[in-house]
Structure formats: structure tokens, C-alpha cells
Amino acid sequence: MTTDVRIAVALDTADERRLVELATALAGEADVLKVGLEALTALGPRAIDLAARSAPVFCDLKLHDIPNTVAAAAAAAAAHGARMVTVHASGGPAMMSAAARAAPAVDVLAVTVLTSLDDAMLAELGMGAAGTVVPQLARLAIEAGAAGIVCAGHEVARVRDVVGGAATVVVPGVRPEGAAMQDQARVVTPRAAVDAGADMLVVGRPVTRADDPVAALRTIRRQIVEARSTEEA
Ligand code: C5P
């Protein structure tokens with residue numbers, strides 16, 4: 001069962017054995033494996049090497065620092081074999097373009113607003129509502145040379161309007177119908193994310209904490225294929 005929408009499974013674990021077990025089980029099933037702060041902090045760049053044996057690696061570093069530092073970190077992730085690396089769009093255009101220039105072999109993806117933040121929390125932080133801030137950050141990111149945007153499913157349509165068809169739109173906070181939200185505030189179902197125009201879905205715990213991660217991933221893929229075939233019908 002194939003679609004043009006890719007699924008990245010987030011290997012959020014500090015346990016090397018668990019990471020290898022999941023990566024091995026998901027080889028040929030996940031299009032992309034994402035290693036993030038938990039695995040990278042606990043295991044170092046070895047987490048990238050281990051995941052890369054099974055699938056292309058998305059290195060979710062969420063970099064946010066001065067341009068020189070972010071550029072060097074993006075280049076280091078590329079040297080370790082990452083294919084994608086994230087930066088926070090709120091780090092600004094100079095930071096994002098420095099990362100894109102320093103690591104031309106990887107796709108720099110700009111995180112707009114974390115899917116764990118809702119509008120009430122954004123207001124507490126002194127920020128505008130996601131509906132306003134996300135498209136603004138997305139436009140800045142693409143102008144600065146980012147290859148894609150990470151945003152919540154509800155923002156995909158507005159982001160697409162701003163960034164056009166060429167940019168990759170990545171959606172985390174995906175929950176199959178009936179699944180627990182965990183700490184995510186702005187979740188969508190796989191079907192809703194795909195209907196809105198996402199290119200890549202990031203799914204963590206609904207797969208990695210399932211009794212059978214491969215079966216859980218296949219269920220999500222089936223939901224995507226169904227969404228696609230309804231669109232085409
Ligand atoms: O387990 P769950 O499906 O919630 O995992 C989502 C993954 O996507 C986590 O690795 C998290 O760091 C990442 N992510 C997110 N929201 C963003 C950007 C990345 O949840 N805006």
C-alpha cells in the first residue's frame with residue numbers, strides 16, 4: 001500500500017535497545033524515522049546512525065540559536081547522515097538561511113508553533129493566535145530558504161496558501177481516531193491532515209507505544225490511502 005504522503009515515526013526513547021528494536025521492526029514500513037531531543041541527548045549522534053540502518057533519518061533538533069551556531073549544528077547533523085533537520089522559525093530569517101546554506105544536502109524544516117501549545121497558552125506567552133503566527137512564520141521560513149514547514153494539521157491549508165505547492169508541509173500531533181492525545185493540544189486524524197494537504201505526517205506514541213507498532217503504522221497508512229482515494233474519486 002503506497003501513497004505520496006510519507007509517514008515519519010518519532011523514535012522518542014533514551015534506550016538504545018528500544019530504538020534499535022523499533023527501527024528494525026519499522027524498516028520497510030516507515031518512510032522516515034525521526035530522532036529527536038530525547039534520543040539525541042541520551043545516545044548522541046549514534047541515534048542517527050542506528051536509525052539510518054532502517055530508513056532516511058529526520059533529525060528533529062529544533063535548533064534555535066545565533067545563525068553561526070545553528071549553521072554549524074545543521075552541518076554536523078548532515079555530516080552524520082541526517083536527511084532532514086528542524087530549526088525553530090522564530091529564530092529568524094538569518095538563522096534559517098544560515099542553516100540552509102551550511103547544510104545544502106539536508107532539507108531544513110522550520111517548526112512554526114509547537115503542537116503542544118494552544119491559543120490560550122500562546123496568549124500567556126505574549127504571542128498571537130496560531131492562526132496568525134503560523135502562516136507568518138511559514139512565509140518567512142520559505143523566503144529564508146527552508147525546504148519545508150512543520151505545523152499543526154489545522155494550519156496546513158493556511159500554510160499551503162502562503163508557501164505554495166513546492167514546500168514540504170510536515171504535520172506532527174497526528175492521532176488516529178479514538179487514540180489518546182497525550183500532551184498534544186492541537187491534534188488531527190491522519191485523514192484530516194492529508195485532506196488539508198500535508199506531505200508528511202509525524203507519528204510517535206500511537207505507533208511506538210502500541211502493542212504491535214507495525215500493525216499500528218499500517219492502520220494509519222490505510223487511513224491515508226482511504227483519504228487519498230476519496231479525494232481522487
Ligand atoms: O508521540 P507523538 O506522536 O506526540 O510525537 C510527536 C513528535 O513530533 C515528537 O517527537 C515531537 O517532538 C514532534 N513535534 C511535535 N510538534 C511540533 C514539532 C515536532 O509534536 N510542532
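Just follow the structure's listing: the first ligand is 1, and inside any ligand the first atom is 1. We're numbering straight along the sequence, starting at 1.
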Completion exercise
R205 heavy atoms within 4.0 Å reach ligand 1 at atoms 1 (O), 2 (P), 3 (O), 4 (O)
Fill in the blank from the handout: To the nearest 0.5 Å, atom CG of L50 lies from atom CG of L33 at 11.0 Å
Practice task
Answer yes or no: does an N/O atom from R175 fall short of 3.5 Å to an N/O atom of ligand 1?
Solution key: yes
Exercise for the section: Compute the minimum heavy-atom distance from V113 to ligand 1 and say whether it is under 4.0 Å. Expected result: yes
Problem - Nitrogen or oxygen of P206 less than 3.5 angstrom from that of ligand 1 - result: no
Completion exercise
Taking only non-hydrogen atoms of G204 and a 4.0 Å limit, the atoms of ligand 1 in range are 1 (O), 2 (P), 3 (O), 5 (O)
Exercise for the section: Output the distance between atom CG (L61) and atom CE (M84), rounded to the nearest 0.5 Å. Expected result: 13.0 Å
Problem - For atom 11 (C) of ligand 1, closest protein heavy-atom neighbour - result: K34 NZ, 4.0 Å
Handout entry: atom 18 (C) of ligand 1: the protein heavy-atom neighbour that sits closest, reported with distance to 0.1 Å
Key = K62 CE, 3.5 Å
Completion exercise
Nearest heavy atom to atom 17 (C) of ligand 1, choosing from P172, G36, A8, A152, belongs to P172
Practice task
For D60, counting its heavy atoms only, list the atoms of ligand 1 lying under 4.0 Å from any of them.
Solution key: 12 (O), 13 (C), 19 (C)
Handout entry: Heavy-atom side-chain proximity of I149 to T112 below 4.5 angstrom
Key = yes
Problem - E29 bridged to R221 by N-O distance under 4.0 Å - result: no
Handout entry: Residue and atom name of the nearest protein heavy atom (relative to atom 6 (C) of ligand 1), distance in Å to one decimal
Key = Q184 NE2, 3.6 Å
Completion exercise
Looking at V111, L37, V202, V174, the heavy atom closest to atom 8 (O) of ligand 1 belongs to V202
Handout entry: Electrostatic pair R18:E21 at N-O distance under 4.0 angstrom
Key = yes
Practice task
May I ask you to list the atoms of ligand 1 that are less than 4.0 angstrom from any heavy atom of T115?
Solution key: 15 (C), 16 (N), 17 (C), 20 (O), 21 (N)
Practice task
Answer yes when R209 and D12 have at least one side-chain N-carboxylate O distance shorter than 4.0 Å, and no when they do not.
Solution key: no
Problem - For P104, all residues meeting side-chain contact (heavy atoms from CB on, under 4.5 Å), sequence neighbours excluded - result: none
Practice task
Give the residue and atom name of whichever protein heavy atom lies nearest to atom 9 (C) of ligand 1, and the separation in Å to one decimal.
Solution key: D12 OD2, 3.3 Å
Problem - From CG (L140) to CD (E143), nearest 0.5 Å - result: 6.0 Å
Handout entry: Pairs meeting criterion side-chain hydrogen bond (donor to acceptor under 3.5 Å, both in side chains) with involvement of residues 76-97, two or more places apart
Key = D60-T86
